[in-house]
Protein chains: 4
Amino acid sequence: MPEKSKGEVQSKRSAILDAARDLFTQKGYEETTIAEIAQAAGVAVGTVYLYFRNKHEILTGASLDLEAGLAQIFLDPTLLDLPFEKVPEVLIEKIFHAGRQKKKHMALLQIDVFSSEDMLQYKKVNAQLTEAISTFLRNAIARGYLAPCDTDMYAQLLYLLGRSVLHQCFAVEKGEREDLYRHSMADLIKRLFSGPPLSMS
Amino acid sequence: MPEKSKGEVQSKRSAILDAARDLFTQKGYEETTIAEIAQAAGVAVGTVYLYFRNKHEILTGASLDLEAGLAQIFLDPTLLDLPFEKVPEVLIEKIFHAGRQKKKHMALLQIDVFSSEDMLQYKKVNAQLTEAISTFLRNAIARGYLAPCDTDMYAQLLYLLGRSVLHQCFAVEKGEREDLYRHSMADLIKRLFSGPPLSMS
Amino acid sequence: MPEKSKGEVQSKRSAILDAARDLFTQKGYEETTIAEIAQAAGVAVGTVYLYFRNKHEILTGASLDLEAGLAQIFLDPTLLDLPFEKVPEVLIEKIFHAGRQKKKHMALLQIDVFSSEDMLQYKKVNAQLTEAISTFLRNAIARGYLAPCDTDMYAQLLYLLGRSVLHQCFAVEKGEREDLYRHSMADLIKRLFSGPPLSMS
Amino acid sequence: MPEKSKGEVQSKRSAILDAARDLFTQKGYEETTIAEIAQAAGVAVGTVYLYFRNKHEILTGASLDLEAGLAQIFLDPTLLDLPFEKVPEVLIEKIFHAGRQKKKHMALLQIDVFSSEDMLQYKKVNAQLTEAISTFLRNAIARGYLAPCDTDMYAQLLYLLGRSVLHQCFAVEKGEREDLYRHSMADLIKRLFSGPPLSMS
DNA sequence: AATGAATGAGGATTCATTCAT
DNA sequence: GATGAATGAATCCTCATTCAT
């Protein structure tokens with residue numbers, strides 16, 4: 001097997017995560033067995049344990065992977081080239097697009113994070129995302145597009161809202177009312193941006 | 001025993017739900033056994049199965065129960081006596097108050113709902129809540145406090161945001177930043193209410 | 001309820017046995033629950049225990065009841081009016097007729113009898129039947145229709161064969177080859193009757 | 001471990017069946033637990049489920065295994081060397097000998113077969129046995145030892161009779177009257193063989 | 001006699017994890 | 001690294017039986 005490059009080895013971890021993502025979102029975490037994941041990924045059961053210490057680590061991996069993917073959207077450098085007032089709409093567009101693509105995986109946005117180890121990873125991804133949003137908000141305030149506010153908290157709220165909406169729109173409602181959700185989100189953001197200055201807490 | 005009223009029969013179901021709520025939020029769903037729930041509820045294992053078909057049904061029951069409790073806040077008739085512009089703040093106050101009281105149960109706001117039977121019940125509670133919010137929004141529009149919008153979708157977004165924030169604030173962050181969350185929420189709502197009229201989708 | 005006569009009370013025991021017979025033969029003994037039997041019989045669970053000490057007693061009751069029913073065939077006095085050589089054929093005819101009627105119950109002919117208490121009852125029914133057959137055989141020998149033999153053992157063999165055939169014919173094969181079985185049985189009996197005298201063991 | 005041949009893998013399944021046979025016949029099916037079977041077989045509980053899908057499949061396996069063992073008797077090539085008229089006696093002798101050896105297992109001859117999958121296997125064993133008997137009967141007819149008859153049905157009847165008798169003789173009566181049963185069986189067979197020609201159905 | 005809610009011991013089954021190959 | 005047979009602890013759930021009404 002001369003073609004067995006590093007990339008292929010790497011792909012085993014990915015294959016497991018991909019398989020797990022599908023199964024977790026189809027049948028739920030508890031109802032999915034390692035054996036199923038291994039089979040779907042085309043590896044042996046034991047191999048799974050070469051890449052993950054236990055079952056829950058696979059869930060965390062799959063979930064954070066997904067969220068990190070969404071985080072990338074905010075870090076896309078081409079956003080900077082846009083006229084500032086277009087950005088929210090474009091972001092919303094991109095986020096929903098991603099959700100639509102991975103519709104069936106959106107259920108992973110709603111998982112419990114228990115172990116403190118997971119929590120750390122979760123906070124890292126969360127921080128990355130809220131920081132990106134916060135930066136954008138600060139920028140907006142600086143340019144006068146947005147009345148001053150606690151940008152960190154606003155970023156957090158927007159992040160929670162976005163995640164929740166993606167989950168509801170795609171995981172629960174299967175994308176049937178996507179347009180409504182997208183437009184309402186855009187509308188809501190615009191209102192925020194045009195709201196009056198308020199005293200900060 | 002003439003005192004054996006309907007309420008007593010009900011109390012067994014409730015006792016189980018109460019016990020389950022505590023255990024699920026303390027130790028997590030998977031780590032909680034039926035035997036523990038039964039013992040904590042003061043009933044026999046078999047009795048649990050007189051009221052719930054399986055373990056997951058207990059989880060759903062506990063979660064919906066909790067959400068239905070929050071829904072009551074919106075149906076409080078004394079809200080009608082308030083000056084209209086005070087209502088959002090009062091609502092937020094009340095909701096966070098409830099969250100604070102039941103801090104340890106807020107983790108139940110974020111559960112997977114898989115079976116279609118659960119889904120039905122879930123939609124019922126959801127509909128009740130969003131309808132209450134939607135009514136309030138329509139009212140606000142009629143009185144000129146809010147620019148016209150798709151009140152049903154806005155209600156849904158606000159509901160999702162509220163649930164998500166309660167979960168994050170109390171279940172994930174243990175209430176440490178409650179004030180920040182509450183103020184930001186109030187701030188955000190105010191901005192929405194003062195936002196400019198926008199064309200609807 | 002003035003109509004509640006002794007017969008009706010008696011019918012409760014019968015109703016339970018009837019329901020049990022149906023369920024045992026449909027789903028098997030283990031797979032049938034007391035609750036199902038009670039419901040099918042139209043009585044409460046507790047009532048079952050007024051008539052039977054435990055589940056196994058119901059099985060024994062249902063099974064022996066059935067076998068006792070078959071035993072009645074041999075004790076029918078009208079058999080005595082028949083020309084002797086017709087008797088085997090008529091008996092076989094009657095037995096298969098009974099099997100056909102209660103086709104679905106024939107599975108009960110193949111049950112394990114474990115407790116010594118059951119065993120006693122079982123032996124009683126068995127003795128009753130084999131005695132009837134044995135008497136007939138002795139009669140046949142006396143009249144010269146049958147070569148002398150150990151009538152008790154022959155009776156036992158014929159009883160086992162008959163029970164086994166009924167079970168196979170109706171419970172396993174659903175009566176599809178009933179004619180074949182009936183004819184072969186008759187044929188076989190005839191050969192026995194015309195066989196040569198043999199020395200006894 | 002180069003000795004780890006296919007036979008060893010096979011032996012695990014066999015060990016389970018052997019253990020199960022003993023336990024089922026000693027304590028009864030219901031009273032035997034998987035844990036007991038596993039321990040007696042020297043394997044872990046989970047291992048049992050690598051070879052059998054559920055408890056009942058073990059019962060079926062044990063039963064069919066036993067019956068297949070008895071079937072071997074009929075396929076013994078040395079039978080062909082005997083003078084034809086000796087064969088029945090020898091067969092009966094061998095069958096009872098086998099029953100005596102495995103006295104305690106004879107209870108397994110009388111089990112319920114419910115699942116259609118079991119039924120298939122059962123029919124296979126059944127067919128094998130009746131075919132062997134049928135062949136012998138055809139042979140007997142060809143040589144003039146037996147009046148023509150429906151050999152397939154006769155084979156079936158003899159098979160049922162034999163199984164039933166073994167069960168009664170060894171499982172129910174603990175072999176106390178073995179001699180009587182054996183002689184009666186031999187006697188009965190002889191009579192069949194000397195019976196007059198009869199018209200077939 | 002009749003009920004059926006409550007019991008709780010008991011067991012089948014599952015499945016994450018390991019480890020010899 | 002890769003495998004997958006073997007493990008056995010752990011738990012959901014069942015259901016025969018009881019008993020207060």
Side-chain angles (χ1 to χ4, degrees), chain A residues 1 4 6 8-9 12-13 29-39 41-58, chain B residues 1-2 4 8-9 12-13 30-39 41-58, chain C residues 1 4 6 8-9 12-13 29-39 41-58, chain D residues 1-2 4 8-9 12 30-39 42-58:
Chain A
M1 278 185 227
K4 196 141 193 178
K6 178 105 181 281
E8 283 217 43
V9 172
K12 244 169 211 186
R13 195 192 136 91
Y29 174 70
E30 289 173 278
E31 282 67 35
T32 301
T33 69
I34 298 288
E36 287 170 330
I37 294 172
Q39 185 168 39
V43 301
V45 171
T47 306
V48 173
Y49 285 85
L50 294 176
Y51 296 96
F52 301 91
R53 273 212 301 265
N54 53 49
K55 190 185 174 187
H56 200 264
E57 211 169 275
I58 306 175
Chain B
M1 273 185 218
K4 193 139 197 177
E8 283 216 45
V9 173
K12 224 155 224 180
R13 196 191 135 91
E30 284 177 280
E31 283 67 33
T32 301
T33 69
I34 298 289
E36 288 170 330
I37 295 172
Q39 187 166 38
V43 300
V45 171
T47 305
V48 173
Y49 287 88
L50 292 178
Y51 296 94
F52 301 91
R53 274 211 295 271
N54 52 53
K55 191 182 174 187
H56 197 266
E57 208 169 279
I58 306 176
Chain C
M1 278 184 226
K4 198 141 192 176
K6 180 109 183 277
E8 283 215 44
V9 173
K12 243 166 211 186
R13 196 191 135 91
Y29 174 69
E30 288 173 279
E31 282 68 34
T32 301
T33 68
I34 298 288
E36 287 169 331
I37 294 173
Q39 187 167 39
V43 301
V45 172
T47 305
V48 173
Y49 285 85
L50 294 176
Y51 296 96
F52 301 92
R53 274 212 300 266
N54 53 51
K55 190 185 176 185
H56 200 265
E57 211 169 275
I58 306 175
Chain D
M1 273 186 221
K4 194 142 195 175
E8 282 216 45
V9 173
K12 225 157 225 181
E30 287 178 278
E31 284 67 32
T32 302
T33 68
I34 298 289
E36 287 169 331
I37 295 172
Q39 186 166 39
V43 300
V45 172
T47 305
V48 173
Y49 287 87
L50 291 178
Y51 295 94
F52 301 91
R53 273 211 296 270
N54 52 51
K55 191 183 174 186
H56 198 266
E57 208 168 280
I58 306 175

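A note on names: the letters A, B, ... follow the listed sequences, proteins ahead of strands, and every chain is numbered from 1.
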- Sorted by chain and residue number, the side chain to side chain contact (heavy atoms under 4.5 Å, CB included) partners of C:Tyr49 (sequence neighbours excluded) come out as C:Ile34
- Considering all heavy atoms, the nearest A:Tyr51-A:Lys12 contact: OH-CB, 3.7 Å
- How many Å lie between CD on B:Gln39 and P on E:dT7, as a whole number? 13 Å
- Item | Distance in angstrom units between D:Ile37 CD1 and E:dG11 P, rounded | 12 Å
- Checking F:dT7, F:dA6, F:dA2 against the side chain of A:Leu50 (C-beta onward), the nearest is F:dA2
- C:Thr32 versus C:Lys55, closest heavy-atom pair with distance: O-NZ, 2.7 Å
- Note on the structure: The dot-bracket string of DNA chain F, counting Watson-Crick and G-U wobble pairs with both distances under 3.5 Å, using [ ] for crossing pairs and | for pairs to another strand, is .||||||||||||||||||||
- For D:Glu57, enumerate each residue passing the side chain to side chain contact (heavy atoms under 4.5 Å, CB included) test, keeping only those at least two apart in sequence or located in another chain. D:Phe52, D:Arg53, D:Asn54
- Query: Can you tell me how far the CZ atom of A:Arg13 sits from the CD1 atom of A:Ile58, to the nearest 0.5 Å?
  - Reply: 9.5 Å
Please write out each protein N/O paired with an N/O of nucleotides 16-19 of chain F under 3.5 Å, distance rounded to 0.1 Å.
from, atom 1, to, atom 2, distance (Å)
F:dA16, OP1, C:Lys55, NZ, 3.0
F:dA16, OP2, C:Ile34, N, 2.7
F:dT17, OP2, C:Tyr49, OH, 3.0
F:dT17, OP2, C:Lys55, N, 3.0

- Task: Report yes if at least one side-chain N or O of C:Tyr51 is closer than 4.0 Å to OP1 or OP2 of E:dA2; otherwise report no.
- Result: yes
- Query: Whole-Å distance between E:dT14 C1' and D:Phe52 CZ?
  - Reply: 18 Å
- By salt bridge (Lys or Arg N to Asp or Glu O under 4.0 Å) - contacts of D:Glu30 (at least two apart): none
- Spacing between A:Glu36 atom CD and F:dG4 atom P, to the nearest angstrom: 17 Å
- Message: To check you understand the geometry: which heavy-atom pair defines the closest contact between C:Glu36 and C:Glu31, and what is its length?
- Response: OE1-O, 3.7 Å
- Query: So, is A:Lys12 close to the F:dA2 phosphate, meaning a side-chain N or O under 4.0 Å from OP1 or OP2?
  - Reply: yes
- Query: Closest approach of A:Val45 and A:Ala35, non-hydrogen atoms and distance?
  - Reply: CG2-CA, 4.1 Å
